[in-house]
Q: 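What follows is a structure written as structure tokens; I'll ask about it next.
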Amino acid sequence: MRLEHGEEQEDPNKLATSWPDYYIDRINSMAAMQALFAFDEEEMEMRNKVVEDLKTALRTQPMRFVTRFIELDGLTCLLNFLKSMDFETSESRIHTSVIGCIKALMNNSQGRAHVLAHPQSINTISQSLRQDNTKTKVAVLEILGAVCLVPDGHKKVLQAMVHYQKYAAERTRFQTLLNELDRGTGRYRDEVNLKTAIMSFINAVLNAGAGEDNLEFRLHLRYEFLMLGIQPVIDKLRGHENATLDRHLDFFEMVRNEDDSELAKRFDMVHVDTKSAGQMFELIKKKLNHTEAYPYLLSILQHCLQMPYKRGAGSLQQWQLLDRILQQIVLQDEKGDDPDVAPLDNFSVKSIIRMLVNENEVRQWRDQAEKFRKEHAELLARLEKKERECEAKTQEKDDMMRTLNKMKDKLQREGVELRSAREQVIDLSTRINDYSLRPSSARESRPLRAPAFGSAATQRKKSIPQPSHPLKSFNWSKLGENKITGTIWHDIDDLRAFEILDLKDIEKMFSAYQRQQEVLTNQSFRQKESGSMDDLYLSTRKVKELSVIDGRRAQNCVILLSKLKMSNEEIKRAILEMDEREELAKDMLEQLLKFVPEKSDIDLLEEHKHELERMARADRFLFEMSRIDHYQQRLQALFFKKKFAERLAETKPKAEAILCASREVMRSKRLTKTLEVVLAFGNFMNKGQRGNAYGFKVSSLNKIADTKSSIDRNITMLHYLIMIFEKNYPDILRIQEELHSVPEAAKVNLAELEKEVFSLKSGLKALEEELQYQQRGTRERGDKFAPVVGDFITVASFSFSELEEQLNEAKEKFSKALKHFGEEQGRMQPDEFFGIFDTFLQSFGEARQDLENMQRRKEEEEKRAQMEAMLKAQRERERRAKKSAGGSVSEEGGGEFDDLVSALRSGEVFDKDLSKLKRNRKRSTKELAEAAGRERPVTKVNY
């Protein structure tokens, strides 16, 4: 060796190239000797120093050193040493140092390419996860996680995890990692480092490689972790309160939530519960219903029914085979490659589909299929429309049957009451006859005279000039001549004004024709002076479209009609039939009510009914609707009918909430016991006139939290009461179970509720009046107003009477509840009364949560104090160990693989907004491929 040193001093280049031989020989001899001899601690330290020196050389020596090491097959030497380690060596620092050598070799592009090209390197490295040495496992996970982020590395890591599953006899892949993630070691720093390394590796496996832009792959791989129970473990890891670990946990959940949302969007859902077989089946059924694939879904389910269900006889493996086939259908790309490790050999989805599909037949029948698809879409739309009609009819039928049954019961009760009343009437009639036999004075009747009016005054007829064509209306309420006596109007003569007014200018300014008018200019005035109004009127008639409706109103009306997508005849038919086919939505009806023809519109339209073909769309619509008798009343009736069930469904729960809440507060034993304890507390705490109470206003409940402890200002009287309840009255803690209607009742405004009930009552009354009017008149062909509204009123009146009775009962119960708690009737409304209890229940729950948080913080502080003491002792031991070790720890140079591992460890590689991450996925893959052959800092690579 001295000779070699002398030669090396003479030739430095020879030294650099020959030095790897020494380390390879030493490591080979160490591997051979460990099977024959047991080494003491000093010898183990010397062996470790050799490996540490190799690690330093691989980092600091020139590139020739690494090249020579690769040529001498140094990687195979390291991997063989890893395979042949005995138990004592595998649990020592030597194992960690060997992993460090491989990591150092990968710190440049040539070494990294050599490691990735080796058929067994990643598999052998993964085997080191089986050791108990935490530092070794962390180093292995950091290498595997970083390999996921380099080109062509992701799938090798997945293959290595499958290899490790067989090597460690795992039931499923990643099982060891999840066990380590959940297991506590008692050594806080090492435990957090290991759990951070595991989470960073999981995030790298999920989001690198195929996971960058393949949602199906991420969902598939994440499901493995979820099945192993990672979610409750993540919730448990939050208790470590470590910023780096939390960053990895946050990224895992952030990507999971985004993927779940993206999956849900495919089914027009907010969330898909993948734990619920029922919900997933319903979504698939809904997606495939009325499609060509639906029979195959039924076939799959039918064959699943015939699958074996008993344990044994290979039943589990058959279900596993079905699962793997479905995985391949979902994951295989166009080339037939699986981004994960293929669970089935020689299984190509594309080849099988090619066998099932004859491309020539597809091309031949494509046009025919497109035609059928359009027809199918039309039929489907008609089917959905018919389904809506059937649902509406079925609902009406069910409501009517329920109402008729209720009416039958009510009529039976009223029949009994009627017979009783009839007997009373007969008795009273007998008595009246007895009294009528007595003499009575005759009443003189005087003939009623009609009020005498004087001779009708001859009304003067004004000679008012008439316009040459229709003008806009001035919407006023006029006074007749018989009403102006003694008013200012008596001395006013508007005929004098006509002598001054420029009537032609008025005609031009306020003409009923909207689109044909031009902005008045000086030139138009000159033309007016030289021409005549006849010329102007004739010119307007030359325009193709005629419109007499206000421009903005006409425009809005046309927009509404375009949304309706129905002709005027169809709209008219729907209104006459009371929309039996469910063609008019409620919101459309509400909009139609805004475009009811006004009297001024009707007058103008009537003047031009002979020019129907020239009318603009809005004008023609209003004209045709104005021909329907009581058009506005019909629309209002139809809108009321459609909205009635919805309004009833909104109103009834409010009355029911007051009724139920009144019963609950009066019947609740837990509330009674609470008031009893509070009364005792108050009498004990108060003195003099404030004490010696027999009760208190319920509003006092919410003042309990205002009294704070003199010892701890964070503790209120409410906190203290809950502590008493936990100790002596544990049943009171479930008080909310007896008062579940109170929060809803606290939201009910009784005045608004009564106003809505009155509105429904008025609407029904107006509907009955309109029905009477329609029954008196002549029915137009296709007019179904009378039968439809008649049936509706029968059902709706009974439903409304139930609501009215329920409201009266609720008000009565509420009055009893006020009296029950000693409150003055009429001074409190339900929202105020029940709001007191609702606020108290909320404060009660918050105070319980406060106490739980206080207890948890106390336990965490105690645990943290113990942990800090342990860490302090551990740091002291490490300081003494480093001091005794002297200069054995050498400084290491940094490199790109080290930077990648560091970024992965800290989470910086994932520290991006999710949207940015998704945008950069494809771009990052391209940049990695372009830069794979050269060395560069990790900060220049977008992983």
Side-chain angles (χ1 to χ4, degrees), residues 381 384-385 388-389 392-393 396 473 475 514 545-606 608-609 612 615-648 650 759-760 762-771 773-774 777 779-789 792-793 796:
E384 290 175 353
K385 186 177 178 181
R388 287 199 303 271
E389 291 178 21
K393 293 293 181 185
E396 287 183 12
S473 298
N475 193 16
Q514 298 297 313
E545 275 196 348
L546 176 69
S547 176
V548 297
I549 309 301
D550 178 72
R552 183 177 293 276
R553 189 159 180 259
Q555 183 182 4
N556 292 335
C557 183
V558 170
I559 293 171
L560 172 62
L561 293 173
S562 64
K563 290 181 181 177
L564 268 176
K565 298 178 181 177
M566 294 172 67
S567 66
N568 293 347
E569 290 75 15
E570 289 173 334
I571 296 172
K572 183 177 179 180
R573 175 187 47 73
I575 292 171
L576 289 174
E577 293 179 355
M578 291 303 287
D579 196 27
E580 279 193 323
R581 305 183 189 184
E582 295 293 327
E583 295 173 307
L584 298 173
K586 285 177 283 190
D587 58 333
M588 291 292 106
L589 279 172
E590 191 173 9
Q591 293 299 318
L592 279 173
L593 282 168
K594 297 177 182 178
F595 296 98
V596 172
E598 299 174 357
K599 188 178 183 305
S600 59
D601 297 332
I602 296 172
D603 293 342
L604 288 172
L605 291 167
E606 281 290 334
H608 297 279
K609 62 183 179 182
L612 188 62
M615 282 188 184
R617 187 179 181 188
D619 296 62
R620 188 163 184 172
F621 167 75
L622 293 178
F623 175 76
E624 293 186 8
M625 293 304 108
S626 69
R627 313 299 289 178
I628 301 175
D629 184 36
H630 270 216
Y631 170 68
Q632 182 175 358
Q633 290 80 355
R634 286 174 180 269
L635 268 185
Q636 290 169 341
L638 182 55
F639 184 63
F640 180 85
K641 176 179 176 291
K642 283 180 174 287
K643 289 282 288 185
F644 181 79
E646 181 184 327
R647 292 173 68 183
L648 200 69
E650 290 176 358
S759 174
L760 287 171
S762 303
L764 278 173
K765 186 177 179 181
L767 204 59
E768 290 173 356
E769 292 174 356
E770 182 61 22
L771 177 61
Y773 171 83
Q774 295 290 345
R779 189 182 301 179
E780 190 177 340
R781 183 182 178 183
D783 187 358
K784 298 182 180 179
F785 184 93
V788 172
V789 173
F792 170 74
I793 288 177

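Values below: all heavy atoms of this structure, side chains included; hydrogens, waters and symmetry mates excluded.
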Q: Is there a side-chain contact between L622 and R553, using heavy atoms and a 4.5 Å cut-off?
A: yes

Q: Could you tell me which non-hydrogen atom of F785 sits nearest to which non-hydrogen atom of L771, and how far apart they are?
A: CE2-CA, 3.9 Å

Q: For the residue pair F639 and E590, what are the closest heavy atoms and their distance?
A: CE1-CB, 3.9 Å

Q: Looking at every heavy atom in both A637 and M578, which two are closest together, and how far apart are they?
A: C-CE, 4.3 Å

Q: Indicate the atoms forming the closest heavy-atom contact of F621 with F595, along with that distance.
A: CE2-O, 4.5 Å

Q: Looking at E780 and R627, is there a salt bridge between them, counting it only when a charged N and a carboxylate O are closer than 4.0 Å?
A: no

Q: What is the distance from atom CD of E598 to atom CG of D550, rounded to the nearest 0.5 Å?
A: 9.5 Å

Q: Could you give me the CA-CA distance, side-chain angles and deciding distance for D619 and L604, then say whether side-chain contact (heavy atoms from CB on, under 4.5 Å) is met?
A: CA-CA 10 Å; D619 296 62; L604 288 172; over 6 Å; no

Q: Enter the distance from M588:CE to L561:CG here, rounded to the nearest 0.5 Å.
A: 10.5 Å

Q: What are the two closest heavy atoms between A574 and E583, and how far apart are they?
A: CB-OE1, 3.9 Å

Q: Taking the side chain as C-beta and beyond, is there a heavy-atom pair between M625 and I575 under 4.5 Å?
A: yes

Q: Say whether, by atom type as modelled, one donor and one acceptor occur between the side chain of K642 and the main chain of L584 under 3.5 angstrom.
A: yes

Q: Where do E569 and E624 come nearest, in terms of heavy atoms and distance?
A: OE2-OE1, 4.1 Å

Q: With salt bridge (charged side-chain N to carboxylate O under 4.0 Å, His left out) as the test, would you mind laying out the steps for K643 and E646 before giving the verdict?
A: CA-CA 5 Å; K643 289 282 288 185; E646 181 184 327; 3.2 Å; yes

Q: Between CE of M615 and CZ of F623, what distance do you get to the nearest 0.5 Å?
A: 5.5 Å

Q: Would you compute the distance between atom CD of Q774 and atom CD of E770 and round it to the nearest 0.5 angstrom?
A: 4.5 Å

Q: Taking R634 for the side chain and D629 for the main chain, is one N or O donor matched with an acceptor at less than 3.5 Å?
A: yes

Q: Kindly assign one of parallel, tilted or perpendicular to the pair F640 and F792, based on the angle between their ring planes and the thresholds 30° and 60°.
A: perpendicular

Q: Could you grab the distance from atom CD of E570 to atom NZ of K565, nearest 0.5 Å is fine?
A: 13.0 Å

Q: So how far is it from S759 OG to L764 CG, rounded to the nearest 0.5 Å?
A: 9.5 Å

Q: Would you indicate whether the side-chain heavy atoms of K641 and V789 approach each other to under 4.5 Å?
A: no

